[in-house]
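Note sheet for the following structure.
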Number of protein chains: 2
Amino acid sequence: MSKYFTNASPNNSNSSQVGASSAHAPRLTENKEQFFKHQQQNSETKRKQQNKVYIYREALLLIFIMRLNLKVVLIALIVAVVITLGAYMRSPDYSHDLVRHLDRRLFRTGSSESQPTGAHPLYAAPLQDIECNINREYSIHCKRDEEANEVYVPFSFLRNYFDVSGAVTTSGTEDNKVPTFNWMHSNSKVNYPKGKYDPHGVFTYFENYNVEVRDRVKCISAVEGVPVSTQWEKRGYFYPTQIAQFALAHYSKNLTEPEPRVHILEDADGNQMEWTTPKNSNMTRIWHHKFNTNVVQYETAIGYESAISINVNQTIDLVLCVDLLLVTNSSSLMVTVQNRDTRHIYNLHYIPADLLLSVQDSNIYYGLGSAALNRWRHITRDLHIDLQKGIVMGDKHSPLKMRRSDLEVLAIAFLGIGFYDNVTLSTSDHLAHFYDAAEWFVNNQDAKTGGWLNPVRRNLNGFAELRPGWISAMGQGHAISVLARAYWHSGGDARYLKAAVLGLKPYHVFSHKEGGVLAQFMDKYYWYEEYPTTPPSLVLNGFIYSLLGLYDLNSTAPSSIARDAGKLFTQGMYSLKKMLPLYDTGSGSIYDLRHLSLSGVSVAPNLARWDYHATHVNQLLLLATIDRDPLIAQTAERWKGYMFGKRAKHN
Amino acid sequence: MSKYFTNASPNNSNSSQVGASSAHAPRLTENKEQFFKHQQQNSETKRKQQNKVYIYREALLLIFIMRLNLKVVLIALIVAVVITLGAYMRSPDYSHDLVRHLDRRLFRTGSSESQPTGAHPLYAAPLQDIECNINREYSIHCKRDEEANEVYVPFSFLRNYFDVSGAVTTSGTEDNKVPTFNWMHSNSKVNYPKGKYDPHGVFTYFENYNVEVRDRVKCISAVEGVPVSTQWEKRGYFYPTQIAQFALAHYSKNLTEPEPRVHILEDADGNQMEWTTPKNSNMTRIWHHKFNTNVVQYETAIGYESAISINVNQTIDLVLCVDLLLVTNSSSLMVTVQNRDTRHIYNLHYIPADLLLSVQDSNIYYGLGSAALNRWRHITRDLHIDLQKGIVMGDKHSPLKMRRSDLEVLAIAFLGIGFYDNVTLSTSDHLAHFYDAAEWFVNNQDAKTGGWLNPVRRNLNGFAELRPGWISAMGQGHAISVLARAYWHSGGDARYLKAAVLGLKPYHVFSHKEGGVLAQFMDKYYWYEEYPTTPPSLVLNGFIYSLLGLYDLNSTAPSSIARDAGKLFTQGMYSLKKMLPLYDTGSGSIYDLRHLSLSGVSVAPNLARWDYHATHVNQLLLLATIDRDPLIAQTAERWKGYMFGKRAKHN
């Protein structure tokens, strides 16, 4: 019996030996002794095969002796079969051969019946482990399909070795889930322009930007309504480039997002709320002669419990606007919000003090500036952002990440002595943010240089440090893009235009001089420097943004004023077309040209990581809509291909 | 019986049914029970133990029924087991479950006992098929290890996608062969200089070159003793660069290879052979007054059978040298060689005719030129090369590739009327080849331009075609390297020096003018063009070779003559250091700068394939031994890293 099974293994030649040995047929008692002994040797080694031979011999021997005692024989036979089977099934030889045999059969069946690949984990392929030696430097574990002459390399290795991405996704029905591995050469997104770039419309693809959400934005200043950066200095500073991106993102969102929903809570005229007015506090609606409208005048005792307040229980509409005049230092606006997930309650305080952001337990303070006292201010606050930045400030190590949808505004309250009007909660107020930033550029321009100064040190590897006060062509260009739009959108507010035109000045001054961003490559091509380093660093994406500012102003300003911007733009585009190939590696792009500028030492090209490469591609695709030189579109197309694993040919 | 087997699968619920029936089984003697119990404990997994328990219960049940008819039961039992087992093993359920079960077990055992990975193909891993979608463009088949959260990608895909190499090799003993997969980012070889580059020594790494073996070498001209190229024109032409490489390779081999073995067969003086002299033919050794030595004078009747000949039966020593003067057109030297593998016999004929190479069946004709008549010529022929090129010429479609070791020289014969002397067979005669080529450069220089003209059209993609007669800075540099060595090695033969110095002339003439190879990049850096295109193509490796020629001459010529070469070298090295970063992609190098030169269209960088990249690396490593500017060595080091998968960092 056991023979049949044993013979399933082609390597086993027991069958013939069984016949031969049975001739010696020893006595049964001896048999039994041997038999039991054998059981104890139930080990996994080679000895096993031999053991099996003995077992079969025993079985035949028993049958030969059957005439003596059938009962005994039967029992012995059964026992022998059972034991042998049990033993054999544990033997690695058995398993290997059988598995290999069956595996092959399965594999063939699977393919011949065109079994869907990846359909069922049961269709195991007969792969072997193989060590893979990488460039004679180190080893990784691979798999080998010897029959198909194929080696399989683990993606976890490839991911780092080649800087590619990939993930398994599942599709199909609940019962028949089909996993697919998605190999993405680059995870970054290509944006295709919907039409010719409009200098009064969406700025490039900035409708996708959420500047204030970024970790390197400390908070939105309640004095200015613009972001405060911590990118290169932890204490926080105004970074013109970031402020402009904040403005351009909101300007673009205003054009692409649906009209916001606006809840007017209190305007002291048509919309009035029932404000809770504790004892010793009071509020009245009075006529404001200058505004030609009613406003709320209030005065409260000291302590939160004395505040004038309303409950609002508002979700989603989390942008608070209010016109506010505070009379005393201790006056404030307080907004109570709750995390509906954790039930935790926070108070956002807007106070007339010279602090940026301060947190005490669940109380988050934003300073409106001491100059805010006794002046009407229109403030626009994204309560979600204000709360989130406060939470991060309160617990830097493990700040809670709060979802916008978790947030509920419970109450709005006023304390101290003051006036307010037009209290609204909206889904968004992009234009308010945009104009806050535009005002910032009008009010914070360096009159002498025309620059918006960067008040921090900046260290580019290999270059001398830029000292605080440096000017960025990207910042200038972005600011000009903001101001050109503000000029246009406001219907011609000359303050914006004046600031934008003054902002051109650094484009004419060499970057090694104070107040300049202009560089020259190979004494030939003019370049506007995102970072005015010596020697030039020639950052590509910043240069293109600086060109867009020029284009925007040239397209917006009256022609006599526009001329200078137009000339600078043309000069820059000429350089761009000549120098673009310098940034092409044949499989990606280079971030800047420091490897060409820095001398005396061999510097590797500073490759653009995929998201910067995507920025290059997106910028070129956009430029191709305003400059028909095929060189731009061709480069964009080729560089786009690099994101999908295409490479330039080799010779 | 099949049930027992089924129980080996953990997913099968038969076991409980079996167990239920066993409740009715009577008890066996305690002794036996103990025995069975013991068996149970011998199992590996818990489930197995249970399975066996059921098996034993069945056995007991059968024994209980035994009293009815033992013989019948016995037979029935055996038949049942056989049939069921057979049937069950063919069932797919059985196979799947069992395979999976065993696979897992194997896998775990393999790892827990730290089985060497890749040690044995039987250690199959439980991988699933998964479709891999590449950049949303197409799909390939991958493998997945769900448990380990790993996806395995087939190397056949990676090879093309990333241009990498790999192969399985086997090590270990005969019994335990361990396969390893060797991942090679680049198959090309890095050469490390053994010391400072010696302008009189080995030329770069050319001791590894075998120019004449290349397919694009049609043959070695018997007139000049230099290779004839078919690279850009099939009819064959003299390509100065190739001729110089032929010379430099032989010069270098002469320095690195062991002294050749030289068999002097006949010098008409101390070494004399018994020449077979048929009737109507004769030979005599006569005194040559000019040479001050004896030479052989011969005259034969028409027909091969009348030739003066010797049998030599020589293998390995396959370079034939002979001093020869043929008097009539129909005179010739004939060498009979045999392919010892195929037993095929060939005749190599060297005839005083203006043909390059002609083949009729097994007769291969090399023309010595009609000008060879009545002039002493020292000819050096590599019989293996001459035969091989003839075979290729005779059967272009499937030429026999002949190994050098298969070749045997059977006989050497002279026909017609003539003189000969110093007949030798050697393992090599590198210097003879070197001087043949050096002579070619002396005799084939354009007196007006100083150039060695390329007599073929050359088309570089994107550039206007170069018309025949163009000059290559690489060809000039190589030729100068040859001539400088010939000047030095010959002990100061002024002809070589004169030709070398005249060869500098094109370095001073702009490449868009006739006879020039000089270009300027960005109106700034001077460059010596391998291909004098308009606009400049700026091929890197050719430029560096052109510099080495200058270095060689500067180091060899008397200082007054060397000055010009030195200045040109310094000028070129300055450009090289400034421009080297332009060729750096961060993961490889670029062959030329056509992507920067060609205007009006966006051209991808012309990436250097791995062997050209290796050439760049090897050239830089060499330059680093003669120019201590760290920039050279640093670049060499970084570029070397690219061959091992290293990449420049991204920002």
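Every heavy atom of this structure was used, including side-chain atoms; hydrogens, water molecules and symmetry mates were not. Everything numeric here is computed off the predicted structure, so don't read it as measured data.
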Which of the residues A:L580, A:I590, A:D163 is involved in the greatest number of heavy-atom pairs with chain B at under 4.5 angstrom? A:D163

Heavy-atom cut-off 4.5 Å, strictly under: side chain, backbone, both or neither for B:F644 against chain A? both

Answer with side chain, backbone, both or neither: which region of A:L158 has an atom nearer than 4.5 Å to a non-hydrogen atom of chain B? side chain

Selection from A:L593, A:N135, A:N133 maximising heavy-atom pairs under 4.5 Å formed with chain B: A:N135

Distance col, row A:S587:OG vs B:R647:CZ, nearest 0.5 angstrom, shows 9.0 Å

Answer yes or no: are there more than 12 heavy-atom neighbours, outside A:N461 itself, under 6.0 Å from its atom CG? no

Taking every non-hydrogen pair under 4.5 Å, which of A:D523, A:D629, A:I632, A:I140 racks up the most with chain B? A:D523

Side chains of B:K143 and A:L127, heavy atoms from C-beta outward: is any pair under 4.5 Å? yes

Greatest number of non-hydrogen atom pairs under 4.5 angstrom with chain B, of A:R136, A:R638, A:K577, A:H595, falls to A:R638

Tell me, yes or no, whether the heavy-atom count around B:N160 atom CG, taken from other residues, nucleotides or ligands under 6.0 Å, exceeds 12. yes

Against chain B, work out which of A:D584, A:T169, A:N182, A:V164 has the most heavy-atom pairs shorter than 4.5 Å and name it. A:D584

May I ask you to check whether B:F157 and A:W183 place their ring centers less than 6.0 Å from one another? yes

Tell me whether B:R144 contacts the main-chain N or O of A:V168 through its side chain, where contact means a donor paired with an acceptor under 3.5 Å. no

Taking the side chain from B:Q634 and the backbone from A:V603, do they hold a donor-acceptor pair closer than 3.5 Å? no

Could B:K646 and A:E137 be called an ion pair, given the rule that one side-chain N must be under 4.0 Å from one carboxylate O? yes

Please tell me whether B:S602 and A:T635 have a donor and an acceptor in their side chains that are separated by less than 3.5 angstrom. yes

Between A:Y161 and B:H185, a side-chain donor and acceptor under 3.5 Å: yes

Side chain from CB out, backbone as N, CA, C, O: work out which of these in A:Y591 comes under 4.5 Å of a heavy atom of chain B, or both, or neither. side chain

With rounding to the nearest 0.5 angstrom, report the OH to CE distance, B:Y525 to A:M522. 4.5 Å

Only counting residues at least two apart or in another chain, list the ones meeting salt bridge (charged side-chain N to carboxylate O under 4.0 Å, His left out) with A:K578. none

Side chain, backbone, both or neither: which part of A:K524 has an atom under 4.5 Å from a heavy atom of chain B? side chain

Checking side-chain polar atoms at under 3.5 Å, does A:T180 have a donor or acceptor matched by the opposite partner on B:E131? no

Of the non-hydrogen atoms in B:G586 and A:P605, which two are nearest, and what is the gap between them? N-CG, 3.5 Å

Below 4.5 Å, heavy-atom pairs only: which of B:E150, B:M643, B:M184 has the largest tally toward chain A? B:E150

Please flag which part of B:Y642 lies under 4.5 Å from any non-hydrogen atom of chain A: side chain, backbone, both or neither. side chain

Would you say the rings of A:F162 and B:F162 are close, in the sense that their centroids are separated by under 6.0 Å? yes

May I ask you to name which of A:S599, A:P630, A:S156 has the most heavy-atom pairs under 4.5 Å with chain B? A:S156

When you measure from the side chain of B:N651 to the backbone N and O of A:R609, does any donor-acceptor pair fall under 3.5 Å? yes

Measure the spacing between CD1 of B:I134 and CZ of A:F181 and express it to the nearest 0.5 Å. 8.0 Å

Between B:T585, B:N606, B:L582, B:V153, who has the most heavy-atom pairs with chain A when the cutoff is under 4.5 Å? B:V153

Do B:V601 and A:L631 touch side chain to side chain, with heavy atoms closer than 4.5 Å? no

